[in-house]
Every structure is written in C-alpha cells, then in structure tokens.
Amino acid sequence: MIGAESIREQSVENASQAAPALERRYMPLDSSFAEKHYRVSELAKLWGLGRETVRKLVKDDPCVVKIRQGRKKAHTTYSVPESAARRIHTRLLMGA
C-alpha cells in the first residue's frame, strides 16, 4: 500500500520535472518582455528623427509589439524593446 507521504513525494518530483517543459513551451524564445520598451515618440526624440520616419523603421520588425486599438485598428501603438531599438539604430548608422 502506498502511503500519503510517498504520493506527495512523487507529485513534487513530477511537478519539478514538468516545470522546465512548461517553461520551454510557454516562454518566448527571447527575453524582450523584460527589457525597457520605447514608444515611437521617445525614439524619435532620442535619434533626432521624425515620428513617421521612426514608425516606418520599426513597424515591420518582428520584435516590436503592436497594440492596435479601435474598431478598424486605425490607431496602432508600437512598443519597441531596447534590443530591437539598438539593432535598428545600428543599421541606420551603418547605412544598410
């Protein structure tokens, strides 16, 4: 007969083995969620460019978070992780 203590130990062991698998499954591959994020207007001010220019530079980047509001998604807010901002700015400086 299996005791309650034995069952508890097995469930703790199973949970500790399952946790890394769950983290791999549900956690994003990058850690951009934990980075500082910039809005288009902040980057425009930092880089000395117009907001529309910065919006065009960041809008198609895969790391940029797009928050669409409104019925027809007429208003989109872009949240740019610091790593993406650095990559885009480096690309600007290199002339690529």
Quick one: salt bridge (charged side-chain N to carboxylate O under 4.0 Å, His left out) pairs with a partner in residues 77-87, sequence neighbours left out?
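Passing the test, one end in residues 77-87: Asp61-Arg87, Glu82-Arg86.
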Which residue pairs pass the salt bridge (charged side-chain N to carboxylate O under 4.0 Å, His left out) test with at least one member in residues 50-59, sequence neighbours excluded?
Glu52-Arg55
Could you walk me through whether Ser83 and Glu35 pass the side chain to side chain donor-acceptor pair (under 3.5 Å) check?
CA-CA 8 Å; Ser83 60; Glu35 293 180 44; 3.0 Å; yes
Looking only at heavy atoms, what is the nearest atom pair of [X] and [Y], with distance?
X: Val54; Y: Leu49; answer: CG2-CB, 4.0 Å
X: Val58; Y: Val64; answer: O-CG2, 3.4 Å
X: Ser79; Y: His37; answer: OG-CD2, 3.0 Å

Steps toward side chain to side chain contact (heavy atoms under 4.5 Å, CB included) verdict (Leu92, Met94)
CA-CA 6 Å; Leu92 281 173; Met94 297 304 209; over 6 Å; no
If hydrophobic clusters are built from ILVMFWY residues whose side chains come within less than 4.5 Å, do Leu43 and Val65 share one?
no
Is any side-chain heavy atom of Ile67 closer than 4.5 Å to one of Gln69?
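Touching, per the 4.5 Å side-chain cut-off.
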With Glu42, which residues qualify under side chain to side chain contact (heavy atoms under 4.5 Å, CB included), at least two apart?
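By the side chain to side chain contact (heavy atoms under 4.5 Å, CB included) rule, Glu42 matches Tyr38, Arg39.
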Once you round to the nearest 0.5 Å, how far does NZ of Lys66 lie from OG1 of Thr76?
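The distance works out to 9.5 Å.
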